[in-house]
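We're numbering straight along the sequence, starting at 1. In this text, all values refer to a predicted model and were calculated from it rather than measured experimentally.
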Amino acid sequence: MQMTVDILILGAGWTSTFLTPLCDKCGLTYASTSRSGRESTIKFVFDPDSDDLESYAVLPNAHTILITFPIVKKGAYERLIRLYTQTHRQEGLKSDLKARFVQLGTTSMWDGKRLKPDDPVQHKWYDRHSAFVPTPRAEAEEELLALSPSVPTTVLNLSGLWGGTRLGRNWVGKVAPSKEALKGKGSLHVIHGTDVARAILAVHNDFDKSKGQRWLLSDGRVYDWWDIASAWGSKPSSASLDGPHASTTSENEDRGPQAAWVQELMEESGVRALPRDVELLGRALDSRDFWKTFEMSPLHARIEE
């Protein structure tokens, strides 16, 4: 007979580095999969076109199944759930053991400018009920949600992820390598890995609140890229840290040119102080509904370097 766990993580990765320690702390059992079966994970590769049951048979029974990888193919969710269910119908299982499915998504579906660069920027607020760009991924997630309530499902659309190996300060040089690139940057929304893990367990512990629902998750703040670039700058190069003149390299040089670019952009655009008004930043995301519904608040309520 297959083992039973509280949470099955399909796709062990960055999220699982926060989720599994929290499961241990809360006394929850779990199992994880990876494409290679590395580090004591179960080898599992999802093929949206295959009806082969063999790869599903090795998976444990689970109360909640977390899908961390994107699914974009029409009908793929129905296939995954059907094949998992077919391989986990055994005599002797508890009658109330019915797997619930959680998909991790992205908030880019509410970013029309990013997905359609030729469209004008829309300076507006978005929440989980707002209209979104119908990308293949978003449309597939709608198919998943439509399976509720017969199959309990939910989607957690996550804003920018930070924490652990994802350090915010490392982003500036990549996002704003030039003054022109920085000029076009508006808002930033993030959520820490610890709060992602807490949100997943909140849904697991009270799934009735989440059946058929799409949630938008952020730390509740709208950040201004100019403000971040001015404060943090870009990561100093190895040459400036290790070269023969490292000791004489000024602090401003170590931070890169972004702070100076921001001052120039503020002067050119008539911005008197940072952060800029939300109305100047493009989209703004409202994630209050999730935190209110599950009676929680983000632990990491402000991004750090």
Side-chain angles (χ1 to χ4, degrees), residues 5-11 13 15-16 18-19 22-23 26 28 30-33 46 59 61-82 84-85 88 96-110 126-132 134-159 161 189 191 193-220 285-298:
V5 296
D6 292 305
I7 298 176
L8 171 59
I9 306 168
L10 297 184
T15 300
S16 66
F18 297 93
L19 180 57
L22 186 58
C23 286
C26 296
L28 297 174
Y30 58 87
S32 304
T33 75
F46 174 59
L59 299 176
N61 297 299
H63 292 274
T64 298
I65 298 177
L66 174 70
I67 307 169
T68 67
F69 49 80
I71 293 179
V72 300
K73 191 176 182 64
K74 184 177 178 62
Y77 281 112
E78 185 279 332
R79 174 174 277 110
L80 185 154
I81 292 172
R82 171 168 49 83
Y84 178 83
T85 302
H88 292 74
D96 61 348
L97 181 56
K98 184 175 185 179
R100 299 89 55 90
F101 292 82
V102 180
Q103 172 68 60
L104 298 186
T106 173
T107 57
S108 63
M109 59 190 290
W110 287 290
Y126 297 86
D127 61 25
R128 72 188 187 98
H129 300 294
S130 299
F132 53 82
T135 64
R137 183 174 183 176
E139 291 182 329
E141 290 170 356
E142 286 295 292
E143 290 185 358
L144 175 67
L145 294 174
L147 297 175
S148 281
S150 59
V151 178
T153 61
T154 192
V155 176
L156 303 180
N157 290 99
L158 309 177
S159 52
L161 303 172
H189 304 84
I191 187 167
T194 297
D195 287 316
V196 174
R198 294 174 64 236
I200 293 167
L201 293 195
V203 170
H204 166 77
N205 290 327
D206 199 351
F207 212 97
D208 285 343
K209 291 181 178 179
S210 209
K211 288 181 181 176
Q213 300 296 312
R214 181 188 290 280
W215 302 97
L216 188 161
L217 268 71
S218 76
D219 65 6
L285 301 180
D286 177 357
S287 63
R288 292 176 298 169
D289 208 3
F290 179 86
W291 304 112
K292 179 180 179 181
T293 299
F294 289 92
E295 300 179 351
M296 302 168 61
S297 297

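- Taken from OG in Ser218 to CG in Asp286, the straight-line distance is 8.0 Å, to the nearest 0.5 Å.
- Note: Arg198 CZ to Ser297 OG = 7.5 Å, rounded to the nearest 0.5 Å.
- Rounded to the nearest 0.5 angstrom, Phe207 CZ and Gln213 CD are separated by 10.5 Å.
- Considering CG of Leu66 and NE2 of His204, their distance stands at 11.5 Å, rounded to 0.5 Å.
- Arg288 CZ: 12 or fewer foreign heavy atoms inside a 6.0 Å radius.
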Side chain to side chain contact (heavy atoms under 4.5 Å, CB included) evaluation trace for Thr33 with Leu59: CA-CA 8 Å; Thr33 75; Leu59 299 176; 3.7 Å; yes
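- Taking the side chain as every heavy atom from C-beta outward, Val155 and Leu145 approach each other to under 4.5 Å.
- A pairwise comparison of heavy atoms in Ala138 and Phe132 identifies CB-CE1, 3.7 Å as the closest pair.
- Counting all heavy atoms, side chain and backbone alike, Pro152 lies closest to Ala99 at CD-O, 3.8 Å.
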Candidate pair Phe18 and Leu161, rule side chain to side chain contact (heavy atoms under 4.5 Å, CB included), full reasoning: CA-CA 12 Å; Phe18 297 93; Leu161 303 172; over 6 Å; no
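- The shortest distance between side-chain heavy atoms of Leu216 and Ser287 falls below 4.5 Å.
- Screening Glu143, Glu141, Gln103 against Tyr77 for a side-chain hydrogen bond (donor to acceptor under 3.5 Å, both in side chains) leaves a single residue, Gln103.
- The closest side-chain donor-acceptor pair between Thr107 and Ser159, if any, does not fall under 3.5 angstrom.
- The distance from atom CG of Asn61 to atom CG of Asp6, rounded to the nearest 0.5 Å, is 12.0 Å.
- When all heavy atoms of Arg137 and Gly105 are compared, the closest pair comes out as NH2-CA, 3.6 Å.
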Check against side chain to side chain contact (heavy atoms under 4.5 Å, CB included), Ile7 and Leu201: CA-CA 9 Å; Ile7 298 176; Leu201 293 195; 3.3 Å; yes
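- His88 places no side-chain N or O within 3.5 Å of a backbone atom of Ala62 that could act as its donor or acceptor partner.
- Taking the side chain as every heavy atom from C-beta outward, Leu80 and Phe46 approach each other to under 4.5 Å.
- Between the side chains of Asn157 and Arg214, at least one donor N or O sits under 3.5 Å from an acceptor N or O.
- Of the possible polar contacts, one joining the Trp110 side chain to the Ser130 backbone as a donor-acceptor pair under 3.5 Å is found.
- For the side chain to side chain contact (heavy atoms under 4.5 Å, CB included) test with Ile9, the passing option among Ile65, Thr68, Thr64 is Thr68; the others fail.
- The CD1 atom of Ile200 sits 11.0 Å away from atom OG1 of Thr154, with the distance rounded to the nearest 0.5 Å.
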Side chain to side chain contact (heavy atoms under 4.5 Å, CB included) evaluation trace for Thr194 with Leu22: CA-CA 8 Å; Thr194 297; Leu22 186 58; 5.9 Å; no
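- Considering all non-hydrogen atoms of both residues, Asp289 and His129 come closest at OD2-NE2, 3.7 Å.
- When every heavy atom of Trp215 is checked against every heavy atom of Lys209, the shortest pair comes out as CZ2-O, 3.5 Å.
- Side-chain contact between Asp195 and Leu217: absent, with no pair of heavy atoms (C-beta onward) separated by less than 4.5 Å.
- Side chains of Val196 and Leu19 form no contact here, defined as non-hydrogen atoms less than 4.5 Å apart.
- Here the side chains of Leu156 and Phe290 are in contact, with some heavy-atom distance below 4.5 Å.
- Side-chain contact between Lys211 and Arg100: absent, with no pair of heavy atoms (C-beta onward) separated by less than 4.5 Å.
- Two residues are said to be in side-chain contact when any heavy atoms from C-beta on lie closer than 4.5 Å; Ile81 and Leu147 meet this criterion.
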